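All figures in this text were calculated on a predicted structure; none of them were measured in a lab.
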Amino acid sequence: MYIVGHSVMTELAAPHRFDVFGDDVAALMLPDIARCHDWGYDTCLDDRPVSTAGELLRLHMLADWFIHFGEGTTRERSGWAYRKMGVYAREYDAFFASAAARGLREGPPGDSRRGFSHTMMEYSIDTWLIRNGHFEGRFRSVQDVLGRVGRGSGLVSVDWARRTLAVAGARSDSPDLAADALSFGERVLSSRGPEELVYRAGVKKFGLQDSDASVELMKATLDEGLARIPDAELRLVVQEAAEFLSRRLA
């Protein structure tokens, strides 16, 4: 999932406990900004955070854990995103062929079929939440915070990110945190609406050219997949994920 999925699920799990549509969204999204998912998967089920920011990092990772691995305690690809990824596996060839034909990327596909397919399932959650009103009126406040990541001072500065990660004991896999933070902030800042947050995440992840044509390709592919996922199924996975987070809150 991405910004919308994580903020909405955290709010559903712990209503009004965090400002996830304001300042707290920065800490919530640190696993994506700083690439600390491997650390998070190793610790999220057992470790208890020592700070509010640490708890938000953990909630991000718990949501990812549930979507990828389900409610078990081992990293087996049995979560919803992997069980259902056939929805997008059939789109894989057409997506990257279209990207190449339109000059949106060079070289081989930017991800494996499995990587592409389970990621698109996650993006489907974000897109469904937006289209069903769960992010209504939230975009500008979230963009105001995350659009300054990597370039701002205080809350969204690279120094803040490093300190927050250190307090949480987080291990980052980023080779250049400053560059990754700036790239993250630029994608958020350039988004013209909440759905574009999702599309631009995919453009970056799948190695497409940063262009409106790439955004449109992401939208069209997500539309194809969402047409094959029942609303009731998406509603249920969001509910179950939020309940999982709620049970795991420190």
Side-chain angles (χ1 to χ4, degrees), residues 1-11 13-14 17-65 67-68 119 122-123 126 135 138-191 194 196-205 207 210 245 248-250:
M1 290 175 300
Y2 199 49
I3 296 163
V4 174
H6 282 294
S7 58
V8 171
M9 284 189 185
T10 301
E11 178 65 13
R17 180 167 174 176
F18 306 102
D19 183 18
V20 291
F21 303 114
D23 285 352
D24 284 344
V25 74
L28 183 65
M29 293 309 297
L30 264 177
D32 284 356
I33 296 166
R35 302 189 196 181
C36 50
H37 284 78
D38 283 341
W39 161 81
Y41 288 139
D42 288 342
T43 62
C44 67
L45 295 183
D46 301 315
D47 285 7
R48 291 297 182 264
V50 297
S51 65
T52 297
E55 188 165 10
L56 286 161
L57 266 73
R58 180 171 178 264
L59 286 169
H60 179 123
M61 293 309 312
L62 284 168
D64 281 348
W65 180 282
I67 294 300
H68 290 157
T119 299
E122 294 183 69
Y123 291 160
D126 291 68
F135 202 66
R138 310 295 193 183
F139 173 66
R140 292 302 176 193
S141 59
V142 167
Q143 186 182 48
D144 181 59
V145 176
L146 294 180
R148 293 181 286 117
V149 166
R151 71 176 74 240
S153 59
L155 173 66
V156 292
S157 69
V158 175
D159 285 345
W160 167 82
R162 290 193 175 106
R163 289 194 304 270
T164 303
L165 293 169
V167 169
R171 182 181 69 253
S172 171
D173 292 327
S174 172
D176 188 339
L177 179 56
D180 283 341
L182 184 61
S183 175
F184 182 96
E186 287 176 342
R187 289 195 301 279
V188 173
L189 192 61
S190 63
S191 296
E196 204 165 300
L197 292 171
V198 185
Y199 307 148
R200 289 191 177 277
V203 167
K204 172 68 174 179
K205 181 169 179 60
D210 183 8
L245 295 188
R248 292 275 181 174
L249 276 167

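Trp39 is listed as a side-chain neighbour of Leu57, based on a closest heavy-atom distance under 4.5 Å. Looking at heavy atoms from C-beta onward, His37 lies in side-chain contact with Asp32 at the 4.5 angstrom threshold. Within the 4.5 Å cutoff, the side chain of Phe184 has no heavy atoms near those of the Val156 side chain. Proximity of Cys36 to Leu165: side-chain heavy atoms (C-beta onward) are separated by under 4.5 Å at one or more points. Between Tyr2 and Lys205 the shortest side-chain heavy-atom distance does not fall below 4.5 Å. No side-chain heavy atom of Leu28 sits less than 4.5 Å from a side-chain heavy atom of Phe18. In this structure the side chain of Arg248 reaches within 4.5 angstrom of the side chain of Leu45, judged on heavy atoms.
Looking at every heavy atom in both residues, Val20 comes nearest to Asp24 through N-CB, 4.1 Å. Here the shortest heavy-atom pairing between Ala53 and Thr164 reads CB-CG2, 3.4 Å. Between Arg58 and Pro49, the shortest heavy-atom contact is CD-CD, 3.8 Å. In terms of heavy-atom proximity, Leu249 sits nearest to Ala13 at CD1-O, 3.9 Å. Here the closest non-hydrogen pair linking Gly150 and Ala181 is CA-CB, 3.8 Å. Closest approach of Met1 and Met9 over heavy atoms only: SD-CE, 3.4 Å.
Note: His68 NE2 to Thr119 OG1 = 6.5 Å, rounded to the nearest 0.5 Å. Here the CD atom belonging to Glu186 is positioned 11.5 Å from the OG atom belonging to Ser191, to the nearest 0.5 angstrom. Note that CZ of Arg148 and OG of Ser153 are 7.5 Å apart. Values are rounded to the nearest 0.5 Å. Taken to the nearest 0.5 Å, the OG1 atom of Thr43 stands 10.5 Å off from the CG atom of Asp38. Taking CG of Asp23 as the reference point, atom OG of Ser141 lies at 9.5 Å (rounded to 0.5 Å). Between the CG atom in Leu197 and the CD1 atom in Ile3 there is a gap of 5.0 Å [rounded to 0.5 Å].
For the residue pair Asp126 and His6, no side-chain donor N or O sits within less than 3.5 Å of a side-chain acceptor on the partner. Looking only at atom types and distance, the side chain of Ser183 has a donor-acceptor partner in the side chain of Arg187 under 3.5 Å away.
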Quiz prompt | Trace of the side chain to side chain contact (heavy atoms under 4.5 Å, CB included) decision for Asp42 with Arg171 | solution = CA-CA 10 Å; Asp42 288 342; Arg171 182 181 69 253; 3.3 Å; yes

Practice problem: List the steps and the verdict of side chain to side chain contact (heavy atoms under 4.5 Å, CB included) for Val188 and Val149. | Solution: CA-CA 9 Å; Val188 173; Val149 166; over 6 Å; no

Practice problem: Could you walk me through whether Arg200 and Ser190 pass the side chain to side chain contact (heavy atoms under 4.5 Å, CB included) test, one step at a time? | Solution: CA-CA 9 Å; Arg200 289 191 177 277; Ser190 63; 3.4 Å; yes

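Tested against Arg35, the residues Asp173, Asp176, Asp180 include a single salt bridge (charged side-chain N to carboxylate O under 4.0 Å, His left out) partner, Asp180.
Taking the six-membered ring where tryptophan is involved, the planes of Phe21 and Phe135 are perpendicular, since the angle between them exceeds 60° and thus also 30°.
Salt bridge Arg17/Glu55: present, at least one basic N to carboxylate O contact under 4.0 Å.
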